[in-house]
S.K.: 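For reference, the structure I am asking about is given below.
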Amino acid sequence: MRRLLLPLVLVAIALAVQAPAWLLGRSVQERSGGMVELRNTSGTLWNGQADAVVRGKTAGEREISVGRFAWRAERIDWQHRALIFDVRQTPAAPRPATIALGADRIRFAGSARLPAALAARVRLLAGWTIAGDVVVDTEALEWAAGAGTGAATAQWRNATLIPPDLPGGFALGEVTARVALDGAAAVVSVRNSGGELELTGDASSRAGTVALLLLPRTGTSSAQIAWLQSHTMGRTPRGYSIDAGWPGR
């Protein structure tokens with residue numbers, strides 16, 4: 001029996017090491033509810049590459065490419081019972097990322113480049129055109145049992161928001177958002193530099209609030225001012241205000 005057991009164990013290890021990369025794609029698709037798909041996979045589960053695509057919620061909603069990702073299993077974190085992957089993105093993010101996959105948690109550190117168009121999937125922005133690139137950077141974000149912990153900074157460069165009823169929309173310059181997760185709660189603060197509007201925003205999932213202030217800069221057009229007057233809650237000394245509920249609440 002022992003003579004038979006050792007070869008079987010070796011075969012099982014060899015199969016695990018050579019497990020194809022598309023197995024990871026199947027797991028990603030299942031965990032994202034079918035929203036994220038890995039295509040053109042190559043290599044193995046432990047050392048492979050794939051193109052990441054965010055699929056539309058409806059048949060008419062276009063897919064959004066996130067880029068190509070290459071991953072390599074670097075080590076095992078025995079203390080936290082997690083497998084550590086080094087992840088690199090094309091087009092390249094400012095620094096590589098590491099992802100720790102455990103039986104009951106996921107931990108992300110480093111940076112990732114995302115298309116700003118993903119924000120159009122938020123219900124409040126449905127029908128808007130959103131342009132520019134977003135770079136997310138964090139020392140550590142962790143999810144376990146449906147709750148997140150950690151903080152991240154997102155920089156949105158060449159930020160442009162185009163509502164369905166305002167051709168040309170608004171140029172916002174560079175927008176910086178800081179996000180802090182604490183269990184089931186999230187706090188977000190948003191500021192920008194440059195562009196046609198000064199943007200200030202604060203949101204809290206615990207309070208269920210989203211508060212935005214939009215202050216026109218020199219050169220804001222009459223059409224843009226008219227849009228602000230008709231789509232916000234009115235002018236205050238600090239700018240046009242928008243108060244809304246936290247998405248999903």
Side-chain angles (χ1 to χ4, degrees), residues 28-29 32-37 39 51-67 91 112-136 152 154-179 186-205 207-217 219-236 238-249:
V28 168
Q29 190 168 356
S32 66
M35 291 295 294
V36 181
E37 186 174 330
R39 298 176 180 171
D51 297 321
V53 174
V54 177
R55 302 174 63 186
K57 294 181 180 179
T58 62
E61 195 172 32
R62 71 181 182 89
E63 298 178 339
I64 299 175
S65 172
V66 183
R113 188 181 299 276
L114 303 173
L118 287 173
R121 302 295 167 86
V122 177
R123 186 178 60 184
L124 291 173
L125 297 175
W128 291 47
T129 299
I130 303 173
D133 289 323
V134 177
V135 174
V136 179
Q155 287 189 313
W156 178 14
R157 298 183 177 92
N158 300 317
T160 305
L161 281 175
I162 305 177
D165 54 352
L166 181 64
F170 298 95
L172 300 177
E174 182 171 304
V175 179
T176 301
R178 292 179 175 82
V179 182
V187 176
V188 183
S189 65
V190 179
R191 306 290 186 270
N192 79 318
S193 59
E196 296 165 327
L197 296 174
E198 179 181 332
L199 170 64
T200 303
D202 294 285
S204 167
S205 65
T209 57
V210 177
L212 300 175
L213 280 171
L214 304 167
L215 180 63
R217 299 187 193 273
T220 303
S221 70
S222 57
Q224 291 170 324
I225 296 294
W227 189 95
L228 291 171
Q229 291 173 340
S230 61
H231 288 75
T232 65
M233 297 172 177
R235 179 72 185 255
T236 73
R238 297 176 57 206
Y240 291 90
S241 65
I242 298 176
D243 294 318
W246 184 266
R249 292 188 58 173

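The first residue in the sequence is number 1, and the count goes up from there. Owing to the predicted nature of the structure, the values given are computational and were not obtained by experimental measurement.
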S.K.: By side-chain contact (heavy atoms from CB on, under 4.5 Å), which residues pair with Ser65, not counting sequence neighbours?
M.R.: none
S.K.: For Arg113, enumerate each residue passing the salt bridge (charged side-chain N to carboxylate O under 4.0 Å, His left out) test, keeping only those at least two apart in sequence or located in another chain.
M.R.: none
S.K.: Within the side chain of Arg191, is there an N or O that forms a donor-acceptor pair under 3.5 Å with the backbone of Gly201?
M.R.: yes
S.K.: To the nearest 0.5 Å, what is the distance between CD1 on Ile225 and OG on Ser230?
M.R.: 11.0 Å
S.K.: For Ser193, check side-chain contact (heavy atoms from CB on, under 4.5 Å) against everything at least two apart and list the hits.
M.R.: Glu174
S.K.: If you compare all heavy atoms of Ser241 against all heavy atoms of Thr232, which two are closest, and at what distance to 0.1 Å?
M.R.: O-CB, 3.3 Å
S.K.: Is the backbone N or O of Gly194 less than 3.5 Å from a side-chain atom of Arg217, with the two atoms forming a donor-acceptor pair by type?
M.R.: yes
S.K.: How many angstroms lie between atom CD of Glu198 and atom CG of Leu214, to the nearest 0.5 angstrom?
M.R.: 10.0 Å
S.K.: Identify, with sequence neighbours excluded, every residue that meets ring-ring contact (aromatic ring centres under 6.0 Å, His included) alongside Phe170.
M.R.: Trp227
S.K.: Measure the spacing between CG of Leu228 and CD1 of Ile242 and express it to the nearest 0.5 Å.
M.R.: 7.5 Å
S.K.: Heavy-atom count around Asn158 CG within 6.0 Å, excluding the residue itself: above 12?
M.R.: no
S.K.: Look up atom OG1 in Thr209 and atom CH2 in Trp246, then write down how far apart they are to the nearest 0.5 Å.
M.R.: 8.5 Å
S.K.: Output, in order, the C-alpha distance, side-chain angles, deciding distance and verdict of side chain to side chain contact (heavy atoms under 4.5 Å, CB included) for Gln224 and Leu197.
M.R.: CA-CA 10 Å; Gln224 291 170 324; Leu197 296 174; over 6 Å; no
S.K.: Could you check whether any side-chain N or O of Thr236 sits under 3.5 Å from a backbone N or O of Gly239, counting only pairs where one atom can act as donor and the other as acceptor?
M.R.: yes
S.K.: What closest approach, in Å, do Met233 and Asp243 show between heavy atoms, and which atom pair accounts for it?
M.R.: CE-O, 2.8 Å
S.K.: Can you name the residues that form a salt bridge (charged side-chain N to carboxylate O under 4.0 Å, His left out) with Arg178, not counting sequence neighbours?
M.R.: none
S.K.: Which residues pass the salt bridge (charged side-chain N to carboxylate O under 4.0 Å, His left out) test with Asp133, not counting sequence neighbours?
M.R.: none
S.K.: Judged by atom type as modelled, is there a donor-acceptor pair below 3.5 Å linking the side chain of Glu196 to the main-chain atoms of Ala171?
M.R.: yes
S.K.: Tell me whether Asn192 contacts the main-chain N or O of Gly173 through its side chain, where contact means a donor paired with an acceptor under 3.5 Å.
M.R.: no
S.K.: For Val190, run the side-chain contact (heavy atoms from CB on, under 4.5 Å) check against Val210, Thr176, Thr200, Val175 and tell me which one passes.
M.R.: Val175
